[in-house]
Amino acid sequence: MNSHWFAPLIFAAAIFGWLTATALPDVVWLDQITQLLRTAFFSALKMVIAPLIFFSLIAGVMQLRASSHMGRLGGVTIAYYLTTTGIAVLIGLIVVLFYHPWTAFPPLVEDPSVLGDLTTQSARLIDPGDGSTFSLLSTLLQRMLINPFNALAQMNVLGILVVAILFGLAAAITLPTDSALPKIFDELAQITYKLAGWVLTTLPIGLFAITFQLAQRIDFSTLAALGQLVGVVFGATLFHGLIVLPAIAWRVSGKNPLQFLRAVSQPMVTALLTSSSAATLPLSMRTAQEKLGLDQARSAFVLPLGATANMDGTALFEGIAAVFLAYMFGIDLGTTGVIAIFLVAMLSSVGAPGIPSGSMAGMQMVLLAVGIPLEAIGLLLLIERPLDTFRTAINVEGDLVGCLVAKRFA
Ligand code: ASP
């Protein structure tokens, strides 16, 4: 999606929806038409989400065989990426555990069932049980280790992720090197990308309808709560980008935080301005070689992998945003829900493409995993542009710290 018309469209729909709700409360047909468009858009999305996650993940894991051939460099880089992404989501979740100023405002929707079965069918998948560690583990395991057909049919995202990863790993281990299956799965993934592409051509209509409908409910307190979300995400992201990542860089390379931030400032500013890790990649490569002293062969592996799979800022944002949206849409997460957010936010940040708003598709997985209505995305879209800028800068910074880690250990 071209990001230039993204913000104007959302704001036009929000203002149009708000104006009609206040000035023309009796005109029902506008409401009915946008309701219909919103339903059609969500149904089409739901048609593609489960097969898309399933096939693309299996194809991706099968391809891991290629990177495992890279031996030590592959192992060190992947371990570093997973660890720092995990730390980032954890920071986000710990921050919202203690600081969630938006709970001073009423939720947007007290009872999510009013939004209809379409958007809440997975809400019942989270059963907090009696709240003990044992029932928590048992619920999580039941959701993760599930018959693949049930997982797909119920859109149990956690189940689909686990089944696809295990299936892909088993295939990668057992198949002979000349097997045709990885190619077949790759082609199936390409078909689901195509289908998703068709659905996404209706994105402007879908977004307009969702925002129009949401705007009828949004009032000043929702906007204030959104402002607080921006503040909390901003603070937690700065903490990760100015303290955690520079500390790792210091530890592995001896460069103090100031030296490190100065060395990587060019790609970070570019990421901030383009909101795209992929677009920043050429500059990150040059910086890694000229300023961080990583050779060309290693930077050619570490950075492209990082630009697609290592997104600390994105993972942190998804964790905080999911907890915020759960509150706004009246979903009680419980400990099981928070753990599900941790796991799915990590995985979906790995799968997000390094383009502006690339994580919005993965964000839907996080919402589905804990039963938050998909239309909650509409609320995030109102603040998406400014947030994307600095989370992308932190994504790129994380990749560059990865270069120092690779230089030291691989
Ligand atoms: N814009 C981000 C990136 O390119 C992805 C996202 O979080 O939407 O890294």
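Each residue takes its place number in the sequence, starting with 1.
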Which heavy-atom pair separates [X] from [Y] by the least distance, and what is that distance?
X: Leu73; Y: Thr77; result: O-OG1, 2.6 Å
X: Val344; Y: Ala369; result: CG2-CB, 3.7 Å
X: Ala225; Y: Met328; result: CB-CE, 4.2 Å
X: Ala321; Y: Met363; result: CB-CE, 4.0 Å
X: Ala307; Y: Leu281; result: CB-CD1, 4.1 Å
X: Ser349; Y: Thr314; result: CB-CG2, 4.2 Å

Legend entry - salt bridge (Lys or Arg N to Asp or Glu O under 4.0 Å) against Asp295, all qualifying residues, sequence neighbours excluded: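 Listed in chain order: Arg298.
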
[X] [atom1] to [Y] [atom2] distance, which is reported to the nearest 0.5 Å:
X: Leu387; Y: Leu380; atom1: CG; atom2: CG; result: 8.5 Å
X: Leu283; Y: Met268; atom1: CG; atom2: CE; result: 12.5 Å
X: Asn310; Y: Glu397; atom1: CG; atom2: CD; result: 11.0 Å
X: Leu229; Y: Thr222; atom1: CG; atom2: OG1; result: 12.5 Å
X: Ile210; Y: Ile205; atom1: CD1; atom2: CD1; result: 11.5 Å
X: Leu245; Y: Asp399; atom1: CG; atom2: CG; result: 9.5 Å

Inset, instruction - Apply side chain to side chain contact (heavy atoms under 4.5 Å, CB included) to Ser253 and list each qualifying residue two or more places apart in sequence or on a separate chain. - result: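 Only Lys255, Leu404 meet the side chain to side chain contact (heavy atoms under 4.5 Å, CB included) criterion with Ser253.
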
Legend entry - With Ala263 via side chain to side chain contact (heavy atoms under 4.5 Å, CB included) - residues at least two apart: Lys291, Leu292

Check: [Y] and [X] side chains under 4.5 Å, non-hydrogen atoms:
X: Leu82; Y: Met346; value: yes
X: Ile33; Y: Leu37; value: yes
X: Glu384; Y: Phe317; value: yes
X: Leu242; Y: Leu261; value: yes
X: Val163; Y: Phe54; value: yes
X: Val96; Y: Phe324; value: no
X: Ile160; Y: Leu152; value: yes
X: Met62; Y: Asp186; value: no

Legend entry - Val233 and Ile383: CA distance, side-chain angles, deciding distance, side chain to side chain contact (heavy atoms under 4.5 Å, CB included) verdict: CA-CA 11 Å; Val233 172; Ile383 47 163; over 6 Å; no

Inset, instruction - Can you run down the ring pair (Phe, Tyr, Trp, His ring centres under 6.0 Å) pairs that involve residues 234-262, sequence neighbours left out, and say none if there aren't any? - result: Phe234-Phe390

Inset, instruction - Please identify each residue that fulfils ring pair (Phe, Tyr, Trp, His ring centres under 6.0 Å) with Phe167, with sequence neighbours left out. - result: Phe185

Inset, instruction - Could you point out which residue of Leu333, Val370, Val232 forms a side-chain contact (heavy atoms from CB on, under 4.5 Å) with Val323? - result: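 Of the listed options, the one satisfying the test is Leu333.
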
Inset, instruction - Let me see the working for Leu93 and Val338 under side chain to side chain contact (heavy atoms under 4.5 Å, CB included), right down to the final yes or no. - result: CA-CA 8 Å; Leu93 291 178; Val338 175; 4.0 Å; yes

Legend entry - With sequence neighbours excluded, residues passing side chain to side chain donor-acceptor pair (under 3.5 Å) with Ser275: Arg385

Inset, instruction - Could you label the plane-to-plane angle of the Trp102 and His100 rings as parallel, tilted or perpendicular, counting under 30° as parallel and over 60° as perpendicular? - result: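 If you compare the ring of Trp102 with that of His100, the planes turn out tilted.
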
Inset, instruction - For Val302 and Tyr81, run side chain to side chain contact (heavy atoms under 4.5 Å, CB included): C-alpha distance rounded to whole Å, both residues' side-chain angles, the deciding distance at 0.1 Å, then the answer. - result: CA-CA 10 Å; Val302 176; Tyr81 282 163; 3.2 Å; yes

Inset, instruction - Could you walk me through whether Ile377 and Gln364 pass the side chain to side chain contact (heavy atoms under 4.5 Å, CB included) test, one step at a time? - result: CA-CA 7 Å; Ile377 287 273; Gln364 297 177 37; 4.0 Å; yes

Legend entry - Backbone of Asn395 reached by a side-chain donor or acceptor of Asp312 within 3.5 Å: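 Pair absent, no side-chain N/O of Asp312 close to backbone of Asn395.
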
Legend entry - Side-chain donor/acceptor of Ser357 to backbone N/O of Met360, under 3.5 Å: no

Inset, instruction - Scan side-chain atoms only and decide if Ser348 and Glu318 contain a donor-acceptor pair under the 3.5 Å cut-off. - result: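 Looking only at side-chain atoms, Glu318 and Ser348 do form a donor-acceptor pair, the distance falling under 3.5 Å.
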
